[in-house]
Amino acid sequence: MRLWFILVLLALASPAVAKDLREPRLTIAKGGSGHPQVALTFDACSGGVDERILKTLVDNRIPATLFVTRRWLVRNGPTVKLLAAHPDLFEIENHGSNHVPAVVGDKPVFGIKPAGTLANVRAEVEGGAIAITADFGVQAGWYRDATARYSSDALDLIKSMGFRIGGYSLSGDYGATVPAAKAERIIGNARDGDVIIAHINQPGRASGAGVARGVLALKAKGYAFRRLDEVDTKEDDRR
């Protein structure tokens with residue numbers, strides 16, 4: 001009886017492990033009239049900036065949505081100024097304060113410790129939003145957490161805070177882990193209406209070169225590039 005009582009107390013004291021992680025899917029309206037379109041979204045989690053990607057976007061006047069963390073903004077002042085100088089190209093959205101999965105419980109998500117509680121989820125979201133307003137003078141309307149997975153209760157909380165969830169339909173670089181040729185092939189084969197996710201904060205990895213080439217391949221095919229704030233979107237929750 002005593003052992004049972006101790007186990008109950010431990011269970012009550014520890015956050016429950018999330019069992020229903022969701023990975024929201026997001027697409028945009030198709031271009032129609034023979035002009036396909038996609039939304040390029042880039043995560044800036046921590047670290048530096050991949051100039052191969054950024055230069056491609058700026059030089060070719062290709063708009064994109066960047067999900068940035070507070071800690072990335074702090075470490076990349078010159079790039080922040082460059083992004084702010086191109087408000088016509090870059091939509092800046094919320095990737096959190098410290099790149100923490102919006103998951104209630106204590107089970108790591110892809111090796112990353114989750115927020116654990118709803119209070120911590122709220123703090124992570126609010127911290128990212130405050131940093132964006134401070135650096136860019138705008139209010140973020142979209143939120144994407146670390147790993148793009150969420151527990152259901154955290155997802156509901158973020159939506160109640162007024163944010164739309166930055167899902168995606170095509171992973172262009174699988175967390176900046178794939179070879180350049182594969183990233184180029186994935187992105188170059190995107191479909192009309194795709195929301196593409198890739199990473200702009202890993203300059204030392206091969207993926208970035210392929211991401212840049214894949215974007216240019218879409219441009220050569222006549223694809224248009226849209227930001228999330230300028231096009232109709234469709235959201236689907238998926239486990």
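Here, residue 1 is the first one in the sequence, and each next residue gets the next number. In this text, all values refer to a predicted model and were calculated from it rather than measured experimentally.
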May I have the step-by-step check of side chain to side chain donor-acceptor pair (under 3.5 Å) for S152 and R22, ending in yes or no?
CA-CA 7 Å; S152 296; R22 296 183 177 275; 2.9 Å; yes
Taking C-beta and beyond as the side chain, do L26 and L228 meet within less than 4.5 Å on heavy atoms?
yes
Once rounded to the nearest 0.5 Å, what's the spacing between atom CD of Q139 and atom CG of N94?
11.5 Å
Would you confirm whether R52, through its side chain, and P203, through its main-chain N or O, come within 3.5 Å as a donor-acceptor pair?
yes
Please enumerate all residues that pass side chain to side chain contact (heavy atoms under 4.5 Å, CB included) together with S171, with sequence neighbours excluded.
Y168, Y174, I197
Is V100 linked to V109 within one hydrophobic cluster, defined over Ile, Leu, Val, Met, Phe, Trp and Tyr using a side-chain heavy-atom separation of less than 4.5 Å?
no
Distance, nearest 0.5 Å, that separates OG1 of T41 from CG of L170:
9.5 Å
What pairs meet the ring pair (Phe, Tyr, Trp, His ring centres under 6.0 Å) rule with one or both residues in residues 43-63, with sequence neighbours excluded?
none
Which residue pairs pass the ring pair (Phe, Tyr, Trp, His ring centres under 6.0 Å) test when at least one of the two sits in residues 194-230, sequence neighbours left out?
none
Which distance, rounded to the nearest 0.5 Å, do you find between the CZ of R164 and the CD1 of I158?
14.5 Å
Taking all atoms of both residues into account, what is the closest heavy-atom pair of S151 and L21, and its distance?
N-CD2, 3.9 Å
Listed by chain and number, what are the side chain to side chain donor-acceptor pair (under 3.5 Å) partners of R191, not counting sequence neighbours?
none
Exercise: identify the closest heavy-atom pair between V121 and V103:
CG2-N, 4.4 Å
Interatomic distance, D59 atom CG to T56 atom OG1 [nearest 0.5 angstrom]:
7.0 Å
Tell me the closest heavy-atom pair linking V215 and I187, and the distance in Å.
N-CG2, 3.8 Å
Working to the nearest 0.5 angstrom, can you tell me the gap between D236 CG and T27 OG1?
6.5 Å
Set of residues satisfying side chain to side chain contact (heavy atoms under 4.5 Å, CB included) with respect to L54, sequence neighbours excluded:
V49, E51, V58, T79, L82, L83, F90, I200
Pairs involving residues 91-117, ordered by first then second residue, that meet ring pair (Phe, Tyr, Trp, His ring centres under 6.0 Å) (sequence neighbours left out)
H95-H99
Smallest separation among heavy atoms of T69 and C45, with atom names:
OG1-O, 2.6 Å
Smallest heavy-atom separation, A206 atom then A180 atom, equals O-CB, 3.3 Å
Qualifying residues under side chain to side chain contact (heavy atoms under 4.5 Å, CB included), relative to S207, sequence neighbours excluded:
D173, A176, V178
Any donor-acceptor N/O pair, D192 side chain to G31 backbone, under 3.5 Å
yes
Going from CD on E124 to CG on N98, what distance comes out if it is rounded to the nearest 0.5 angstrom?
5.5 Å
Tell me whether I130 shares a hydrophobic cluster with V125, the cluster being built from Ile, Leu, Val, Met, Phe, Trp, Tyr side chains joined at under 4.5 Å.
no
Correct closest heavy-atom pair for G48 and W72 would be O-NE1, 2.7 Å
Please, which pairs that meet ring pair (Phe, Tyr, Trp, His ring centres under 6.0 Å) have at least one residue in residues 116-147, sequence neighbours excluded?
none
Sequence neighbours excluded, every pair satisfying salt bridge (Lys or Arg N to Asp or Glu O under 4.0 Å) that has a member inside residues 136-151
E23-R149, D43-R144
Is it the case that more than 12 heavy atoms not belonging to K221 sit under 6.0 Å from its NZ atom?
yes
Any side-chain heavy-atom pair from I62 and L40 closer than 4.5 angstrom?
yes
By salt bridge (Lys or Arg N to Asp or Glu O under 4.0 Å), which residues pair with E126, not counting sequence neighbours?
R122
How about V195 and I28: do any of their side-chain heavy atoms sit closer than 4.5 Å?
yes
Close side-chain approach of L57 and L89, heavy atoms under 4.5 Å:
no
F42 and D50: side chain to side chain contact (heavy atoms under 4.5 Å, CB included), yes or no, with the steps?
CA-CA 11 Å; F42 293 97; D50 194 326; over 6 Å; no
Give the cluster check for I132 versus L66: same hydrophobic cluster or not, with ILVMFWY residues linked at side-chain heavy-atom distances below 4.5 Å.
yes
Is it the case that one hydrophobic cluster holds both I53 and F67, taking links as side-chain heavy atoms less than 4.5 Å apart, direct or via other members?
no
Which residue pairs pass the salt bridge (Lys or Arg N to Asp or Glu O under 4.0 Å) test with at least one member in residues 75-99, sequence neighbours excluded?
R61-D88
Could you pull out all residues at least two apart from V74 that satisfy side chain to side chain contact (heavy atoms under 4.5 Å, CB included)?
R70
